[in-house]
Asker: 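Before we start, here is the structure in question, set down as structure tokens.
All heavy atoms count here, side chains included; hydrogens, waters and symmetry mates do not. Every chain is numbered from 1 and lettered A, B, ... according to where its sequence line falls, protein lines coming before strand lines.
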2 protein chains.
Amino acid sequence: MVEPKHPVRTVDRSFEIIEIVQELDGAGVSEISERVDIGKSSVHNHLNTLVNREYLSKEGDEYHIGISFLGLGAYARNRTEIYDDARQEIDKLADETGELANLLIERNKMGVYLYQTEGENAVELDTYEGKQVGLHCTGLGKAILAFRPREEVENILDTRGMEPLTEQTITDRERFFDELDEIRSHKYAFDREERLTGLCCVAAPITNANDRSVGAISVACPIHRISDERFYEELPDSVLGTANVIELKHNYS
Amino acid sequence: MVEPKHPVRTVDRSFEIIEIVQELDGAGVSEISERVDIGKSSVHNHLNTLVNREYLSKEGDEYHIGISFLGLGAYARNRTEIYDDARQEIDKLADETGELANLLIERNKMGVYLYQTEGENAVELDTYEGKQVGLHCTGLGKAILAFRPREEVENILDTRGMEPLTEQTITDRERFFDELDEIRSHKYAFDREERLTGLCCVAAPITNANDRSVGAISVACPIHRISDERFYEELPDSVLGTANVIELKHNYS
DNA sequence: ACCCAATATTCGGTTATCGCGAACGCCCCC
DNA sequence: GGGGGCGTTCGCGATAACCGAATATTGGGT
């Protein structure tokens with residue numbers, strides 16, 4: 001997390017370009033050149049170097065993210081502790097509930113969606129595998145933080161802040177810790193429009209033998225389509241059950 | 001596919017380092033330095049620049065592939081024509097057959113595994129999402145090539161060669177084209193230990209409205225566990241059925 | 001069919017910076 | 001407690017990354 005003493009600027013520039021290509025959903029030389037404030041010729045060299053290595057693809061005059069990143073990404077995901085143990089169970093959870101089921105882990109003080117499966121009636125969302133979100137504003141993130149030492153949570157909030165994404169996002173630190181206490185006692189967390197207006201979810205942590213969270217799972221659904229009973233009883237049951245199975249797999253095999 | 005006139009060497013070096021970190025499944029400075037033939041100090045600067053951008057992670061004295069690549073990889077996968085249409089059907093196929101079901105596309109004259117799901121009795125394999133393989137040596141690859149113009153296939157074979165991976169890999173070009181004819185007439189392909197000894201699979205192309213393949217799906221299983229009837233009749237039925245559903249989704253929605 | 005504008009691409013000179021090698025510091029293992 | 005193998009820091013010199021202008025290419029409008 002420490003700034004390198006001698007950063008390789010050229011590499012920084014290249015990844016900046018890659019990230020811009022993703023953000024813009026494909027872009028040409030001139031457009032990128034303006035954005036990164038590097039001359040067109042230089043941008044051109046970067047782009048072609050990356051195309052040559054197949055990390056970008058060139059489609060007409062637009063450059064796009066190449067499929068080679070998938071190999072690296074899937075590899076990184078497989079290296080995580082819980083992906084393999086959780087995957088099938090998430091599928092089942094989505095199947096049972098008909099909703100969108102998710103798996104999130106913490107990495108570098110951020111939440112990273114590792115996997116998601118859409119049930120029959122799943123909402124269409126802005127989440128995708130690999131997407132990073134602040135830990136303070138999702139049920140998943142709260143579930144993870146509830147099973148981390150307070151000082152670690154403080155440290156995460158200090159670094160990443162508590163930017164509100166909706167009117168419901170918790171921004172008061174003391175209230176946030178109260179909520180974590182609550183979550184710790186039930187072993188599941190609710191999210192009522194804290195990250196996205198209209199969206200609610202029920203999440204549960206996956207903890208290891210030392211009662212430290214290694215990730216969290218959730219079911220998400222539109223708030224206007226769900227009864228109180230389902231939200232406060234059925235879904236927590238399903239999510240807790242699934243979390244339990246994953247924990248068993250993870251800790252005793 | 002053309003060598004850039006003015007490659008950005010520093011970027012090349014960085015990606016070489018990244019690829020070595022993946023190959024070695026995590027590595028330290030010295031080990032990498034020897035492999036890429038760049039001084040330790042320089043490798044160190046590259047590594048820390050990448051860690052800073054969270055594309056690598058540092059675990060003790062070992063550097064590892066970072067989860068950030070997953071965002072780029074998943075993004076690239078979602079941009080493909082058929083991933084979204086195929087995913088659920090592949091799941092069903094794995095469920096029905098109990099075996100390992102795969103989705104492959106062609107990119108840059110190579111086969112890229114986009115998705116795979118393990119059924120109940122699935123073999124453990126060396127494939128993972130994002131993995132690239134030669135198109136000539138898998139059932140999936142042959143299914144794709146069977147529905148491409150001959151000159152395009154020639155071009156692919158010229159570029160990527162026909163390196164044999166097992167004793168069964170087809171290396172004779174005329175025999176290969178005969179096989180493609182055969183595949184074209186049935187709309188499915190067999191692979192009997194052509195890529196991996198002991199492994200067989202049944203594959204079918206996904207074609208678009210112009211009868212050009214946009215990908216292929218398959219079921220893979222160990223050759224010693226399967227009866228002739230299942231291999232030559234049941235599995236082709238399932239695979240063809242699934243391919244058909246995917247084609248409908250893809251072409252008419 | 002033509003032209004014009006916008007974009008991608010090429011090329012040579014300049015200077016930032018990348019990589020080297022030596023020195024330092026650290027930790028583990030003998 | 002010492003030695004060998006690491007990772008890390010630092011300053012110098014050569015390299016190659018960047019810039020800007022010139023050239024090629026593409027597409028759209030009349």
Side-chain angles (χ1 to χ4, degrees), chain A residues 1-66 76 79 107-108, chain B residues 1-66 76 79 107-108:
Chain A
M1 197 62 67
V2 84
E3 287 283 314
K5 284 286 171 215
H6 297 282
V8 184
R9 291 191 213 285
T10 309
V11 174
D12 272 324
R13 284 188 269 258
S14 241
F15 275 99
E16 254 171 63
I17 290 173
I18 290 168
E19 284 164 15
I20 285 173
V21 168
Q22 183 186 20
E23 265 175 46
L24 297 179
D25 208 54
V29 177
S30 303
E31 197 174 2
I32 297 169
S33 170
E34 282 173 29
R35 277 264 197 147
V36 293
D37 206 46
I38 294 176
K40 282 200 298 180
S41 59
S42 198
V43 169
H44 177 257
N45 291 148
H46 276 268
L47 290 169
N48 282 294
T49 305
L50 292 165
V51 168
N52 184 244
R53 284 205 160 261
E54 300 181 7
Y55 287 104
L56 292 181
S57 71
K58 186 174 182 177
E59 303 171 15
D61 273 352
E62 281 205 338
Y63 292 83
H64 285 275
I65 300 297
R79 264 186 35 83
R107 197 61 31 126
N108 276 115
Chain B
M1 197 61 64
V2 87
E3 287 283 313
K5 283 288 172 219
H6 298 282
V8 185
R9 290 191 214 285
T10 308
V11 174
D12 272 324
R13 284 189 267 259
S14 242
F15 275 100
E16 255 171 61
I17 289 172
I18 290 168
E19 285 164 14
I20 284 173
V21 167
Q22 183 185 21
E23 266 176 45
L24 297 180
D25 206 51
V29 178
S30 302
E31 197 174 1
I32 297 168
S33 170
E34 283 173 28
R35 277 265 199 148
V36 293
D37 206 47
I38 294 176
K40 283 198 299 178
S41 60
S42 198
V43 169
H44 177 257
N45 289 334
H46 276 269
L47 290 169
N48 281 296
T49 305
L50 292 165
V51 168
N52 184 244
R53 286 206 160 260
E54 299 180 9
Y55 286 104
L56 292 182
S57 71
K58 186 175 181 177
E59 303 172 14
D61 273 353
E62 282 205 336
Y63 292 84
H64 284 274
I65 300 298
R79 266 184 34 81
R107 195 66 25 127
N108 275 118

Asker: Under 3.5 Å, which donor-acceptor pairs link side chains of residues 11-21 of chain A to any protein atom two or more places apart or in another chain?
Answerer:
| unit_1 | atom_1 | unit_2 | atom_2 | d |
| --- | --- | --- | --- | --- |
| A/Asp12 | OD1 | B/Arg53 | NE | 2.7 |
| A/Ser14 | OG | A/His46 | ND1 | 2.8 |
| A/Glu16 | OE2 | B/Arg53 | NH2 | 3.3 |
| A/Glu19 | OE2 | B/Tyr55 | OH | 2.6 |

Asker: Taking A/Thr10's backbone N and O only, do any of them form a donor-acceptor pair with B/Thr10's side chain (distance below 3.5 Å, no angle check)?
Answerer: no

Asker: Checking salt bridge (Lys or Arg N to Asp or Glu O under 4.0 Å) for the pair B/Arg35/B/Glu23: CA distance, chi angles, key distance, verdict?
Answerer: CA-CA 11 Å; B/Arg35 277 265 199 148; B/Glu23 266 176 45; 3.3 Å; yes

Asker: To the nearest Å, give me how far apart CD1 (B/Ile38) and P (C/dC18) are.
Answerer: 12 Å

Asker: Take the protein atom CZ of A/Arg13 and the nucleotide atom C1' of D/dC19, then report the distance between them rounded to whole Å.
Answerer: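 For the pair A/Arg13 CZ and D/dC19 C1', the rounded distance is 12 Å.
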
Asker: Below the 4.0 Å mark, does D/dA17 have OP1 or OP2 next to a side-chain nitrogen or oxygen of A/His46?
Answerer: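 Checking D/dA17 against A/His46, no side-chain N or O comes under 4.0 Å of OP1 or OP2.
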
Asker: If we count only N and O atoms by modelled type, under 3.5 Å, do the side chains of B/Glu59 and B/Ser57 hold a donor and an acceptor together?
Answerer: yes

Asker: How many Å lie between CZ on B/Arg9 and C1' on C/dT17, as a whole number?
Answerer: 15 Å

Asker: Quick check: closest heavy atoms across A/Ser30 and A/Lys40, and the distance to 0.1 Å?
Answerer: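 Shortest heavy-atom separation between A/Ser30 and A/Lys40 comes out as OG-CD, 3.6 Å.
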
Asker: Could you tell me whether the side chain of B/Thr49 and the main chain of B/Asn45 form a donor-acceptor pair under 3.5 Å?
Answerer: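 The answer is yes, because a donor-acceptor pair under 3.5 Å joins these two groups.
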
Asker: How many Å lie between CG on B/Asp12 and C1' on D/dT15, as a whole number?
Answerer: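 Interatomic distance, CG of B/Asp12 to C1' of D/dT15: 15 Å.
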
Asker: So which protein N/O to nucleotides 7-10 of chain D N/O distances come out below 3.5 Å?
Answerer:
| unit_1 | atom_1 | unit_2 | atom_2 | d |
| --- | --- | --- | --- | --- |
| D/dG7 | OP1 | B/Val29 | N | 2.8 |
| D/dG7 | OP2 | B/Ser30 | N | 2.7 |
| D/dG7 | OP2 | B/Ser30 | OG | 2.5 |
| D/dG7 | N7 | B/Lys40 | NZ | 3.2 |
| D/dT8 | OP1 | B/Lys58 | NZ | 2.2 |
| D/dT8 | OP2 | B/His44 | NE2 | 3.1 |
| D/dT8 | OP2 | B/Tyr63 | OH | 3.1 |
| D/dT8 | O5' | B/His44 | NE2 | 3.2 |

Asker: What is the distance, rounded to the nearest whole Å, between atom CG of A/Asp37 and atom C1' of D/dA17?
Answerer: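 Going from CG in A/Asp37 over to C1' in D/dA17 covers 16 Å.
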
